[in-house]
2 protein chains.
Amino acid sequence: MTFFNEEPITAADKTFFQLRKDIVEGGILAGSKLSEAELSTKYCVSRAIIREAINRLESCNLVERKANIGARVVALTPAGLIDLYQVRESLEGMAARLAAKNMTPEEIDNLNSLLNSHFQKVKTGESYYQEAGDVDFHYRIILGSKNKHLITMLIDGIYHLVRMYRVQLGMSGPRITTAFDEHRHIVQAISNRDEELAEMLMRRHIMYSKKNVEAKLVKS
Amino acid sequence: MTFFNEEPITAADKTFFQLRKDIVEGGILAGSKLSEAELSTKYCVSRAIIREAINRLESCNLVERKANIGARVVALTPAGLIDLYQVRESLEGMAARLAAKNMTPEEIDNLNSLLNSHFQKVKTGESYYQEAGDVDFHYRIILGSKNKHLITMLIDGIYHLVRMYRVQLGMSGPRITTAFDEHRHIVQAISNRDEELAEMLMRRHIMYSKKNVEAKLVKS
DNA sequence: GTTGGCTATATTGTCGACAATGTATTTGTA
DNA sequence: TACAAATACATTGTCGACAATATAGCCAAC
């Protein structure tokens, strides 16, 4: 699952990963203040470590810092979620286009295998897909783009935020079988090296997802 | 010109801005190592300040840090520049689409005024456009998208890198009058609230720019 | 002469203390 | 009582020192 060497080396690394996890999964609530002293005692490291971790969290747009005042976890707003999906549509669309151009035959084979294993689970009625499977699929295409900036922005930046929204607004919802078909068509386009179509299908796929999420927002 | 309140408050802010400027404008060469001690004496601040500044530079993808080894200014490669333009095409295309949807009539009027003032200068043969004017135009559309993530990624992230490439590879080149026509058509699409067309034209505009840059790369 | 390990040096990582800034409380005056 | 200034407190920003890690140079063994 974890594609990249996200091995923590320094104490700041470990603290950053831990803090990010706690924020994304709701252990630290959205909008809450991050007191350096408090976190310092909680995670048993010096304030310097906490400060570095907070700076990195700011880079992924998970917290906002104001000079001489402090850092807060970002607030989750419906508008913010829409903003995110617009950026996703744009970037992942381009990722799919580039994947159609740059993925190796082996990578495409693996993508097909992944899809088949998904199909098995969907067929047997397992409530699959909700999280890991979907993320896995998207990650492979993003990485398949071979574009470093694209990869960093999406995987290090956007995806953690999206997950934070999903977790804290309780959106592990349906869109299972339909999404599977969309995935299938995207892979087909990539297999055919049809860049134009791959981008268009991915953008639509994410737009559907956005609408699905929007519908849930108004209900709650 | 400077749209955003980029007022430095802390010493770390000032040092970050200064370092960024020195890197983007080539005062510190691409690929060179950033020694904390050295920079500390050079900029007359403590190592802690330098470290924070370097961390922020890493967030904008201007430097790369390795644990226990140090930070280097990113290397400028032809492939890296192509990657950048692909991301730009994707994000600015979406920005133009959202601008067509979200810009106020006043903002659109101002954009038209800007375009007219450009036209005057182009007509009188001033070797305009090379830098500020073009950036100004693009910034307004990016800001007009009203999408916070989009704005941050482009203005805080991509644009400094693009400028670094331009400066250090000596690309202040032509593409003056043709680019003006492209700008004109984009504004027209935005005025008509034609999201689809605005995005398409912006993407083409950046693709042309990319090809222009590619042509210069092979020559050098 | 070359290779392997050891020592010395330089660089980054981490820490606790102090300075500067922001916030809350108190006090005095109208 | 209401408001404003001054004071006390809490939090962030900055610094220099020490610890941990990486790099370079040296010596010994083969």
Side-chain angles (χ1 to χ4, degrees), chain A residues 4-23 27-75 156, chain B residues 4-23 27-75 156:
Chain A
F4 266 122
N5 40 330
E6 274 207 335
E7 288 307 309
I9 300 186
T10 70
D13 292 339
K14 293 192 196 80
T15 308
F16 166 60
F17 289 136
Q18 185 64 48
L19 256 173
R20 187 177 62 185
K21 187 176 185 228
D22 291 346
I23 289 173
I28 300 176
L29 290 178
S32 60
K33 182 158 196 310
L34 294 176
S35 159
E36 295 182 0
E38 196 179 320
L39 295 174
S40 172
T41 60
K42 181 175 172 185
Y43 292 96
C44 301
V45 288
S46 76
R47 262 187 62 218
I49 304 289
I50 296 292
R51 277 178 72 82
E52 176 156 349
I54 288 179
N55 280 335
R56 291 201 219 168
L57 289 169
E58 194 189 14
S59 308
C60 351
N61 299 104
L62 287 172
V63 318
E64 286 172 347
R65 249 184 81 189
K66 285 182 184 172
N68 287 315
I69 292 180
R72 309 192 80 90
V73 180
V74 293
D156 294 343
Chain B
F4 265 123
N5 40 330
E6 275 208 335
E7 286 308 308
I9 300 186
T10 69
D13 291 340
K14 294 192 196 80
T15 308
F16 166 61
F17 289 136
Q18 186 62 48
L19 255 173
R20 187 177 63 185
K21 187 176 184 225
D22 290 346
I23 289 174
I28 300 176
L29 290 178
S32 60
K33 183 159 195 309
L34 294 177
S35 159
E36 295 181 0
E38 195 179 321
L39 295 174
S40 171
T41 61
K42 180 174 172 186
Y43 292 96
C44 300
V45 289
S46 76
R47 262 187 62 217
I49 304 288
I50 295 292
R51 276 178 72 83
E52 176 156 350
I54 288 180
N55 280 333
R56 291 201 218 169
L57 290 169
E58 193 189 14
S59 308
C60 349
N61 299 103
L62 286 171
V63 318
E64 286 172 347
R65 249 184 81 188
K66 285 181 185 172
N68 287 316
I69 292 179
R72 309 192 80 87
V73 180
V74 293
D156 293 343

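Proteins get letters first, then strands, A, B, ... in listed order; numbering begins at 1 in each. In what follows, every heavy atom counts, from backbone to side chain, and hydrogens, waters and symmetry copies are set aside.
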Counting heavy atoms from C-beta on, name the nucleotide in D:dC15, D:dA22, D:dG13 closest to the side chain of B:Asn68.
-> D:dA22
So, A:Arg72 side chain and A:Glu64 main chain: donor-acceptor pair closer than 3.5 Å or not?
-> no
Is it true that a side-chain atom of A:Asp22 and a backbone atom of A:Leu19 form a donor plus acceptor pair closer than 3.5 Å?
-> no
When the distance from CZ of B:Arg47 to P of C:dG13 is rounded to whole Å, what number comes out?
-> 8 Å
Separation of C:dT14 atom P from A:Glu52 atom CD, nearest Å, is 7 Å
Take A:Ile49 and B:Ser35, find for each the nucleotide of DNA chain C with the closest heavy atom, and name the residue whose nucleotide sits nearer the 5' end.
-> B:Ser35
Checking all strands, does B:Ala48 fall into the base, sugar-phosphate, or nothing category for heavy-atom contacts under 4.0 angstrom?
-> base
Stepwise salt bridge (charged side-chain N to carboxylate O under 4.0 Å, His left out) test for A:Lys33 and A:Glu38 = CA-CA 10 Å; A:Lys33 182 158 196 310; A:Glu38 196 179 320; over 6 Å; no
Ranking C:dT14, C:dG22, D:dG16 by distance to the side chain of B:Ser46, first place goes to D:dG16
Whole-Å distance separating the CD1 atom of A:Ile50 from the P atom of D:dG13 | 14 Å
Does the side chain of A:Lys33 get closer than 4.0 angstrom to OP1 or OP2 of D:dT12 through an N or O atom?
-> yes
To the nearest Å, how far apart are A:Lys66 NZ and D:dG13 P?
-> 13 Å
Would you kindly give the CD1-to-P distance between A:Ile54 and D:dT11, to the nearest whole Å?
-> 13 Å
When you look at B:Arg51 and A:Glu52, which way does the salt bridge (charged side-chain N to carboxylate O under 4.0 Å, His left out) test go after all the steps?
-> CA-CA 9 Å; B:Arg51 276 178 72 83; A:Glu52 176 156 349; 3.4 Å; yes
Ignoring the backbone of A:Arg51, work out which of D:dG13, D:dC15, C:dC15 is nearest its side chain.
-> D:dG13
Of the listed nucleotides D:dT14, D:dT23, C:dT14, the one nearest the side chain of B:Ile69 | D:dT23
A:Glu38 has an atom CD; how far is it from atom C1' of D:dA10, in whole Å?
-> 13 Å
Rounded distance in Å - CD1 (A:Ile9) to C1' (D:dT21) = 11 Å
Among D:dC15, D:dT12, D:dT14, find the nucleotide with the atom closest to the side chain of A:Glu36.
-> D:dT12
Could you tell me the separation between the CD atom of B:Glu58 and the P atom of C:dT12, rounded to a whole number of Å?
-> 14 Å
A:Leu34 near the nucleic acid: base, sugar-phosphate alone, or nothing, with a heavy-atom cut-off under 4.0 Å?
-> sugar-phosphate
Main-chain N/O of B:Ala37 paired with B:Arg47 side-chain donor or acceptor, under 3.5 Å = no
